[in-house]
Protein chains: 2
Amino acid sequence: MKYFTNACPARGAGLILPRVKKSGRIIIPRKTIYRLSIYLRCLARLKENGLDTVSSEALAKAAGVKPTQLRKDLACFGTFGTRGLGYDVTELSSRIADELGTSRLQPVILVGVGNLGLALLSYRGFEKEGFEIIAAFDANPRRPRNKQIAQPILGMDVMPKFIAEHGVKMAILSVPAPSAQEVANHLVDCGVAGILNFAPIVLTVPEDVMANNVNLAIELENLSYFIRD
Amino acid sequence: MKYFTNACPARGAGLILPRVKKSGRIIIPRKTIYRLSIYLRCLARLKENGLDTVSSEALAKAAGVKPTQLRKDLACFGTFGTRGLGYDVTELSSRIADELGTSRLQPVILVGVGNLGLALLSYRGFEKEGFEIIAAFDANPRRPRNKQIAQPILGMDVMPKFIAEHGVKMAILSVPAPSAQEVANHLVDCGVAGILNFAPIVLTVPEDVMANNVNLAIELENLSYFIRD
DNA sequence: AAGCGTTTGTGAAATATTTCACAATATTTC
DNA sequence: GAAATATTGTGAAATATTTCACAAACGCTT
Ligand SMILES: NC(=O)c1ccc[n+]([C@@H]2O[C@H](COP(=O)([O-])OP(=O)(O)OC[C@H]3O[C@@H](n4cnc5c(N)ncnc54)[C@H](O)[C@@H]3O)[C@@H](O)[C@H]2O)c1
Ligand SMILES: NC(=O)c1ccc[n+]([C@@H]2O[C@H](COP(=O)([O-])OP(=O)(O)OC[C@H]3O[C@@H](n4cnc5c(N)ncnc54)[C@H](O)[C@@H]3O)[C@@H](O)[C@H]2O)c1
């Protein structure tokens with residue numbers, strides 16, 4: 001079992017306790033969660049290739065990390081390996097999936113059916129990964145002629161009802177930047193707790209709501225910085 | 001001036017030296033670079049709103065970070081503020097842009113003109129941010145009927161020549177996962193040093209090449225983990 | 001069933017990043 | 001122009017994350 005030093009070791013008694021959430025689960029570092037997602041995908045490929053077991057060294061290499069980091073990451077929520085042999089691919093997959101909570105399919109909605117929104121809607125890759133965009137919303141809902149879209153494209157007026165009825169907790173936001181904050185507020189009011197935002201602005205959301213940004217310009221800027229040496 | 005403790009403080013003499021790259025520039029932490037990009041965008045909005053100066057508190061709030069973090073980030077490469085007053089918006093913008101190296105426009109190519117690639121190609125937002133997709137390549141180059149695409153869509157055969165002639169250093173990769181590694185290798189052979197990869201696999205690239213991934217399924221998985229409490 | 005080679009799990013060390021606390025220095029007010 | 005007020009810049013402390021180093025545990029061979 002892994003332990004963290006709790007806050008205030010200087011003034012406090014230096015007690016060592018496992019760091020836990022209100023819910024009782026042990027806190028797993030943000031970065032570790034990202035990597036668990038990566039491990040999960042590497043394991044899926046290994047399984048496709050017919051492998052039954054994998055060592056931390058091999059899996060770490062596939063994931064682009066060091067073996068010790070992989071083992072530390074796994075140590076956050078259990079011990080699954082067999083010393084001298086490695087990990088059972090199927091078992092490790094399902095343990096990580098359990099921990100991430102992606103064992104069941106999550107319903108997601110998309111708001112803003114423009115250029116980008118349409119591309120995301122027509123992408124048939126999310127289902128395999130445990131997510132399903134079940135509906136899209138737009139201020140000006142139009143069904144595109146030349147694309148096969150399985151999901152309904154609805155007006156903003158019916159969104160609150162839809163979210164409540166389907167228990168939607170996550171949304172993809174692909175509206176223009178000037179509307180993004182306003183739409184995000186609306187989503188939060190409707191009960192959405194996680195927003196994946198493509199608009200190039202910083203969203204302000206309540207404490208208990210999480211907004212992750214995908215900002216391609218920043219990704220490019222980042223690349224451009226690190227490649228000049 | 002900011003200083004870092006160099007490696008090996010336990011065995012070494014505990015010498016304090018500024019950490020620098022081979023090129024002579026001081027190393028700026030990865031995360032700081034990301035945040036600098038965010039600050040830059042917030043400053044642009046402030047300027048649009050007619051503000052001349054801004055305090056670290058106000059800018060930090062706009063960027064979603066703490067004021068001390070903003071100041072520490074800036075301290076990596078200089079001191080620009082006026083105590084008691086704050087920062088000059090225009091000056092700080094150009095200093096950050098200089099540091100990031102985005103003062104000049106970077107040419108970028110895109111490989112894989114499918115659903116996602118087309119959406120990115122037709123996006124008119126990158127120019128404002130200092131990037132320009134100057135051409136696209138596909139194994140099966142077709143010009144879409146119903147979209148206005150300004151850039152040429154070319155076959156893979158002409159890519160090496162194009163990259164060499166235009167001094168292209170960065171590429172956006174939006175081909176299907178099974179082709180991604182192969183195309184990435186090709187790009188690297190042609191001299192591309194930075195790849196923004198949308199395919200859901202971990203790319204293997206040489207040390208001196210940087211591959212950043214945008215994996216939407218992982219972003220969604222991440223959200224879904226942190227919203228259940 | 002003992003020995004050997006392998007690989008995990010994990011405390012401790014090293015490194016990295018964030019936050020604190022406050023001196024330094026500017027502006028503003030009276 | 002002195003005092004009050006505001007805000008930066010930065011060592012040091014706190015916290016977080018990664019890496020090291022190695023004992024413990026397993027499978028396999030003989
Ligand atoms: N297209 C890209 O490749 C790309 C790349 C990076 C970032 N982005 C960002 O993604 C977002 C979407 O980009 P896009 O190119 O698809 O834009 P777009 O203009 O093609 O589409 C925007 C859609 O949002 C809808 N919309 C506008 N206001 C709305 C509101 N208040 N409520 C509901 N729907 C509303 C519009 O009707 C339109 O269908 C933008 O913020 C853009 O900056 C796009
Ligand atoms: N569309 C999305 O919303 C979305 C979302 C997340 C991730 N992705 C990922 O982005 C990538 C592209 O997705 P898409 O939906 O645009 O796929 P797509 O099938 O619509 O387009 C892929 C394009 O790549 C071209 N291509 C295939 N092999 C090639 C090769 N060897 N060299 C050059 N070009 C080649 C094809 O001709 C096609 O035009 C995929 O890896 C996908 O998993 C897409």
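Chain letters run A, B, ... following the sequence lines, proteins first and then strands; every chain starts at 1.
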Nearest-Å distance for atom pair CD/P, residues B:Q69 and D:dT8: 15 Å
Minimum-distance nucleotide to B:A75 side chain [options: D:dT19, D:dT10, D:dA21]: D:dT10
C:dT8 OP1/OP2 closer than 4.0 Å to side-chain N/O of A:S56: yes
Check: A:L196 and B:L220 side chains under 4.5 Å, non-hydrogen atoms: yes
Residues A:E221 and B:R41 bridged, charged N to O under 4.0 Å: yes
Nucleotide-level pairing of DNA chain C, given in dot-bracket where Watson-Crick and G-U pairs need both distances under 3.5 Å and | marks other strands: ||||||||||||||||||||||||||||||
Residue whose nearest DNA chain C nucleotide is more 5′ - B:T68 or A:G81: A:G81
Short side-chain N/O contact from A:R35 to OP1 or OP2 of D:dT18, under 4.0 Å: yes
Below 4.0 Å: OP1/OP2 of D:dC26 and any side-chain N or O of A:Y87: no
Nucleotide D:dG9, atom P - distance to CZ of B:F80 in whole Å: 8 Å
Closest-nucleotide 5' rank along DNA chain D - winner of B:R71 and A:R30: B:R71
B:L36 side chain reached by B:L74 side chain, heavy atoms, under 4.5 Å: yes
Separation of atom NZ in A:K66 from atom C1' in C:dT10, rounded to whole Å: 18 Å
Residues, nucleotides or ligands: over 12 heavy atoms within 6.0 Å of B:Q69 CD: yes
Reading 5' to 3' through nucleotides 25-30 of chain C, protein heavy-atom contacts under 4.0 Å coded B for base, S for sugar-phosphate only, - for none: BB----
Polar contact flag, side-chain donor to acceptor under 3.5 angstrom, B:D88-B:T53: no
Any side-chain heavy-atom pair of A:V65 and A:R35 under 4.5 Å: yes
Parallel, tilted or perpendicular: rings of A:Y123 and A:F126 (30°, 60°): perpendicular
Carboxylate-amine/guanidinium proximity below 4.0 Å for B:R95 and B:E99: no
Residue met sooner reading DNA chain C from 5', once A:K31 and A:L74 are mapped to nucleotides: A:L74
